[in-house]
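A short write-up of the structure that comes next.
Residue numbers begin at 1 in each chain, while the letters A, B, ... track the order of the sequences. As the structure is a computational prediction, the values presented were derived from the model and not from experiment.
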There are 2 protein chains.
Amino acid sequence: MSMVSDARVVRTRDALRQAMTELAEESPLDSITVRAIAARAGVGYATFFRHYADKDALLADVIDALVREFLAQAAPWLMRRDRVGSAKFMCDFVLARLPIYKALIAGGSGETVRGEMLRQTMATMAQAGERRPEGVRDDLVLFQIVSGILNLLAWWLRNLDTVSAETMAEVIDRLVLTPVSTVRHEPPAGL
Amino acid sequence: MSMVSDARVVRTRDALRQAMTELAEESPLDSITVRAIAARAGVGYATFFRHYADKDALLADVIDALVREFLAQAAPWLMRRDRVGSAKFMCDFVLARLPIYKALIAGGSGETVRGEMLRQTMATMAQAGERRPEGVRDDLVLFQIVSGILNLLAWWLRNLDTVSAETMAEVIDRLVLTPVSTVRHEPPAGL
DNA sequence: CCACTATGATCCACTGTGTATCGTAACTTC
DNA sequence: GAAGTTACGATACACAGTGGATCATAGTGG
């Protein structure tokens with residue numbers, strides 16, 4: 001994929017991603033400047049722009065990696081049809097990486113996370129040769145699954161003290177996964 | 001509420017809200033400058049800051065008015081227990097004000113809309129003396145209703161050409177309203 | 001009618017972005 | 001290990017947008 005053989009490039013980009021992650025966990029995204037990122041990464045200011053067009057491009061790169069990690073680990077769970085088990089895995093996964101997910105999902109850039117999650121999920125499904133369920137707008141279904149789960153997780157991350165991962169998994173199953181699975185087999189008129 | 005008797009103030013604020021609305025329908029929110037808003041409103045640049053702390057404050061004011069309008073007209077529908085009818089009303093309502101809702105919900109500030117919608121809905125319910133259903137985290141329920149509907153509307157506004165309002169109302173009912181209503185009476189263990 | 005105050009015009013300091021330049025240091029390839 | 005390539009740090013700069021300040025003027029409410 002990435003035809004980068006120069007060790008300096010790898011080092012710099014890793015440092016920038018790491019710096020962005022750290023800063024995102026410390027302060028709101030809008031207040032993070034390119035200068036702060038470069039400083040934290042121990043990298044010259046101008047060097048930043050040799051690797052990323054702007055702050056959002058770096059953030060997208062960070063999110064891309066996070067989503068990739070999630071999908072890789074989640075794949076076996078999603079193969080089985082154990083809905084509550086899948087939901088539980090997601091809750092535990094987020095819980096184990098609390099700071100950054102709190103910053104991203106509950107913070108301002110849930111939009112970007114959702115977009116990247118949708119993109120990569122579609123790509124993964126396409127290469128897995130998933131067949132399209134007939135009579136159902138499966139882009140709407142996928143959108144609802146991803147958005148619905150991210151929504152509930154966003155709420156949960158702001159209410160961790162009052163709701164356990166087990167309970168949240170059950171909620172996700174009842175409010176998103178099960179409803180979507182029923183609509184898949186018995187679509188409303190018109191879809 | 002607003003203790004403003006000076007006609008100039010009313011005129012200026014109306015002009016600013018109107019200008020913000022027009023510009024939001026024309027271009028992405030981030031690219032709208034305070035200078036552009038002031039110019040469009042036919043108002044001096046410095047005058048803007050005499051009424052709003054920044055661009056977001058004005059946007060919040062505009063959204064506040066939109067949500068207020070929605071809740072006022074939606075109240076009768078929400079009193080009845082006709083879920084599909086309520087969903088249909090929402091779809092038609094948004095459809096009748098397409099440009100601004102497309103800019104806000106499908107655009108970048110869905111977060112603000114959701115927040116304002118949650119705030120005002122809670123306030124409305126509180127003053128209507130809605131009783132708290134026992135054993136259910138009703139803040140989670142309300143959050144899910146508002147977020148879920150706004151999510152699906154956001155998708156719909158990007159796919160208006162392929163899905164009718166009637167179909168969308170049915171989808172909203174099946175994916176959000178009905179699931180939430182079942183969890184209300186039979187909550188998952190732990191809530 | 002008059003005191004009051006919102007307004008328009010303009011200036012300014014400040015922050016952040018993104019580009020350009022240049023000498024130096026590090027890396028890859030052979 | 002040497003040579004050629006290339007990324008890097010430092011710095012300067014043009015530019016856009018913000019938000020606060022001033023002051024004469026015009027509109028407003030009592």
Side-chain angles (χ1 to χ4, degrees), chain A residues 1-63 65 103 107-109 111-112, chain B residues 1-63 65 103 107-109 111-112:
Chain A
M1 280 293 172
S2 50
M3 292 289 293
V4 178
S5 50
D6 198 320
R8 290 169 295 180
V9 174
V10 177
R11 225 184 307 127
T12 299
R13 293 195 182 166
D14 283 346
L16 286 174
R17 275 189 289 262
Q18 179 63 27
M20 173 58 110
T21 303
E22 290 178 19
L23 290 173
E25 295 172 0
E26 295 169 10
S27 49
L29 284 168
D30 312 316
S31 70
I32 301 175
T33 67
V34 173
R35 292 201 134 86
I37 297 170
R40 176 68 66 100
V43 151
Y45 175 69
T47 301
F48 176 93
F49 296 99
R50 294 195 181 100
H51 298 277
Y52 297 100
D54 51 32
K55 195 176 56 181
D56 290 335
L58 171 56
L59 182 62
D61 198 12
V62 170
I63 289 175
S109 64
E111 204 67 21
T112 312
Chain B
M1 282 295 171
S2 48
M3 293 288 293
V4 178
S5 51
D6 196 320
R8 289 170 294 182
V9 174
V10 177
R11 226 183 304 130
T12 299
R13 293 196 183 164
D14 283 347
L16 286 174
R17 275 189 288 263
Q18 178 63 26
M20 173 59 110
T21 303
E22 290 178 20
L23 290 172
E25 294 172 1
E26 294 169 12
S27 49
L29 284 168
D30 313 314
S31 70
I32 300 176
T33 68
V34 174
R35 291 203 135 83
I37 297 170
R40 176 66 67 100
V43 151
Y45 175 68
T47 302
F48 176 93
F49 296 99
R50 295 194 179 104
H51 297 278
Y52 297 100
D54 51 32
K55 196 177 55 181
D56 290 335
L58 171 56
L59 182 62
D61 199 12
V62 170
I63 289 175
S109 63
E111 205 67 21
T112 312

In whole angstrom, what separates [X]'s [atom1] from [N]'s [atom2]?
X: A:R11; N: D:dG9; atom1: CZ; atom2: C1'; result: 14 Å
X: A:K55; N: C:dG16; atom1: NZ; atom2: C1'; result: 9 Å
X: A:I32; N: C:dT15; atom1: CD1; atom2: C1'; result: 16 Å
X: A:Y52; N: C:dG18; atom1: OH; atom2: C1'; result: 17 Å
X: A:D56; N: C:dT17; atom1: CG; atom2: C1'; result: 12 Å
X: A:I37; N: C:dG18; atom1: CD1; atom2: C1'; result: 14 Å
X: A:L16; N: D:dA7; atom1: CG; atom2: P; result: 15 Å
X: B:L58; N: D:dG19; atom1: CG; atom2: P; result: 13 Å

| Any side-chain hydrogen bond (donor to acceptor under 3.5 Å, both in side chains) pairs touching residues 25-39 of chain B, not counting sequence neighbours? | B:E26-B:R40

Give a yes/no on whether any side-chain N or O of [X] is located under 4.0 angstrom from OP1 or OP2 of [N].
X: A:H51; N: D:dA7; result: no
X: B:S5; N: D:dG29; result: no
X: A:T33; N: C:dG16; result: no
X: A:T12; N: D:dC8; result: yes

Would you indicate which nucleotide in [options] comes nearest to any side-chain atom of [X]?
X: B:F49; options: C:dG8, D:dG19, C:dG18; answer: D:dG19
X: B:R50; options: D:dG19, D:dC8, D:dT22; answer: D:dT22
X: A:R35; options: C:dT29, C:dT17, C:dT7; answer: C:dT17
X: A:A46; options: D:dC8, D:dG19, D:dT11; answer: D:dT11
X: A:D6; options: D:dA7, D:dT18, C:dT29; answer: D:dA7

| query | Base, sugar-phosphate, or nothing for A:Y45, non-hydrogen atoms under 4.0 angstrom? | reply | base

| field | Reported OG1-to-CD1 distance for the pair B:T112 and B:I63, which is rounded to 0.5 angstrom | value | 5.0 Å

| note | Heavy-atom nearest nucleotide on DNA chain D taken for B:F48 and for A:V43; more 5' hit belongs to A:V43

| query | In terms of the nearest nucleotide of DNA chain D, which residue is placed more toward the 5' end: B:S31 or B:A7? | reply | B:S31

| note | Shortest non-hydrogen pair, A:G44 vs A:A38, comes out as O-CB, 3.9 Å

| query | Which class fits the ring pair A:F49 and A:Y45: parallel under 30°, tilted 30 to 60°, perpendicular over 60°? | reply | perpendicular

| query | Can you find a heavy atom in the side chain of A:V43 that is under 4.5 Å from one in the side chain of A:F48? | reply | no

| said: Between the base of D:dG29 and the side chain of B:R8, is one N or O donor paired with an acceptor at under 3.5 angstrom? | reply: no

| What pairs of residues pass the salt bridge (Lys or Arg N to Asp or Glu O under 4.0 Å) test when at least one of them lies in residues 43-61 of chain A, not counting sequence neighbours? | A:R17-A:D61

